[in-house]
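I have placed the structure first, in the form of structure tokens, so that the comments after it can refer back to it.
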Amino acid sequence: MAQQTDIKYLTPIAVDIKQKKYCRFKKSGIKYIDYKDGEFLKRFVNEQGRILPRRLTGTSLKFQKKVAQAVKRARHLSLLPFVADNLKTNQ
Amino acid sequence: MLKQYETVFIMTPVLSDEQMKETVKKFENILLEKGAEIIHQENWGLRRFEYQIQKKSTGFYHLFEFKAEPHVVAEFELQFRRDEKIMRYLTVALDKHAIAYSEKRRNLRKAKEQNN
């Protein structure tokens with residue numbers, strides 16, 4: 001009978017300190033997100049070219065909508081791909 | 001009431017330089033005839049696409065920033081649809097934050113051009 005104390009967890013319990021997320025646009029005072037600036041928009045898009053969700057980036061709803069619209073416009077002008085496999089690695 | 005707009009359009013790479021300039025001139029005249037006031041123009045030249053458009057992977061990008069009556073935009077875009085040299089276009093109305101941003105961007109570019 002396994003000793004009560006030495007219970008082995010398959011994966012270590014992820015007890016990371018909860019870092020307070022903040023909206024980087026409000027902090028840095030950016031008011032307008034430019035759809036023509038592909039490099040800047042790449043930060044809000046993951047490897048596959050999909051828009052990063054708010055829960056990861058912590059942006060406020062108002063600016064997340066602006067980011068989403070800018071990314072979609074950039075995709076229309078093919079400044080950003082709709083789907084990509086390694087968007088950020090091959091520079 | 002004149003609203004401020006920004007149009008980016010893409011021309012097929014098949015064109016020679018004169019043809020490209022001629023097309024840009026043609027659209028500029030269309031705008032001026034309709035009483036629009038062109039504030040700024042930018043030519044990004046030949047750029048690689050992120051995905052193929054009409055089986056092509058590069059194109060000439062051009063940007064117009066202008067003030068116009070709202071009804072002018074629809075006619076302007078009709079001309080884009082008619083011209084087969086234009087592969088894609090996007091017209092955006094600019095709000096006050098966007099206008100401030102584009103002004104800042106223009107001065108930045110001018111400053112950069114001056115010192116190099």
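Order of the sequence lines sets the chain letters (A, B, ...), proteins ahead of strands, with each chain counted from 1. These numbers were taken from a predicted model, which means no experiment stands behind them.
Taken together through direct or relayed side-chain contacts under 4.5 Å among Ile, Leu, Val, Met, Phe, Trp and Tyr, Ile51(A) and Val83(A) form parts of separate hydrophobic clusters. Connection of Leu80(A) to Phe63(A) is established within a shared hydrophobic cluster, with ILVMFWY side chains joined at heavy-atom distances below 4.5 Å, either directly or through further cluster members. Clustering ILVMFWY residues whenever any of their side-chain heavy atoms sit less than 4.5 angstrom apart, transitively, puts Leu79(A) in a cluster other than the one holding Val45(A). Under the 4.5 Å side-chain contact rule for hydrophobic residues, Trp44(B) and Leu41(A) do not share a cluster.
For the atom pair NZ of Lys36(A) and CD of Glu42(B), the computed distance is 7.0 Å after rounding to the nearest 0.5 Å. Atoms CG and CG, from Leu77(A) and Leu63(B) in turn, are 10.0 Å apart once rounded to the nearest 0.5 Å. The distance from the CD atom of Gln52(B) to the OG atom of Ser78(A) is 10.5 Å, given to the nearest 0.5 Å. Distance check, rounded to the nearest 0.5 Å: NE2 of His76(A) to CD1 of Ile53(B) gives 8.0 Å.
Heavy-atom distances place the side chain of Tyr101(B), and not its backbone, under 4.5 Å from chain A. Only the backbone of Tyr89(B) has a heavy atom closer than 4.5 Å to any heavy atom of chain A.
The side-chain heavy atoms of Asp37(A) and Arg105(B), taken from C-beta on, include no pair separated by under 4.5 Å. Put simply, the side chain of Val8(B) does not reach to within 4.5 Å of the side chain of Arg73(A), judged on heavy atoms. When side chains are defined from C-beta on, Glu50(B) does not count as touching Arg75(A), because their heavy atoms never get closer than 4.5 Å.
Atom CZ of Arg55(A) is surrounded by 12 or fewer heavy atoms from other residues, nucleotides or ligands within 6.0 Å. Other residues, nucleotides and ligands contribute at most 12 non-hydrogen atoms within 6.0 Å of the NZ atom of Lys3(B). Atom CZ of Arg50(A) sits in a sparse spot, with 12 or fewer heavy atoms from other residues, nucleotides or ligands closer than 6.0 Å. Heavy-atom neighbours of Lys56(B) NZ from other residues, nucleotides or ligands within 6.0 Å: above the threshold of 12.
Tyr51(B) places no side-chain N or O within donor-acceptor distance of the main-chain N or O of Ala84(A), the cut-off being under 3.5 Å. Put simply, the side chain of Tyr32(A) never gets that close to the backbone of Lys96(B): no donor and acceptor are under 3.5 Å apart.
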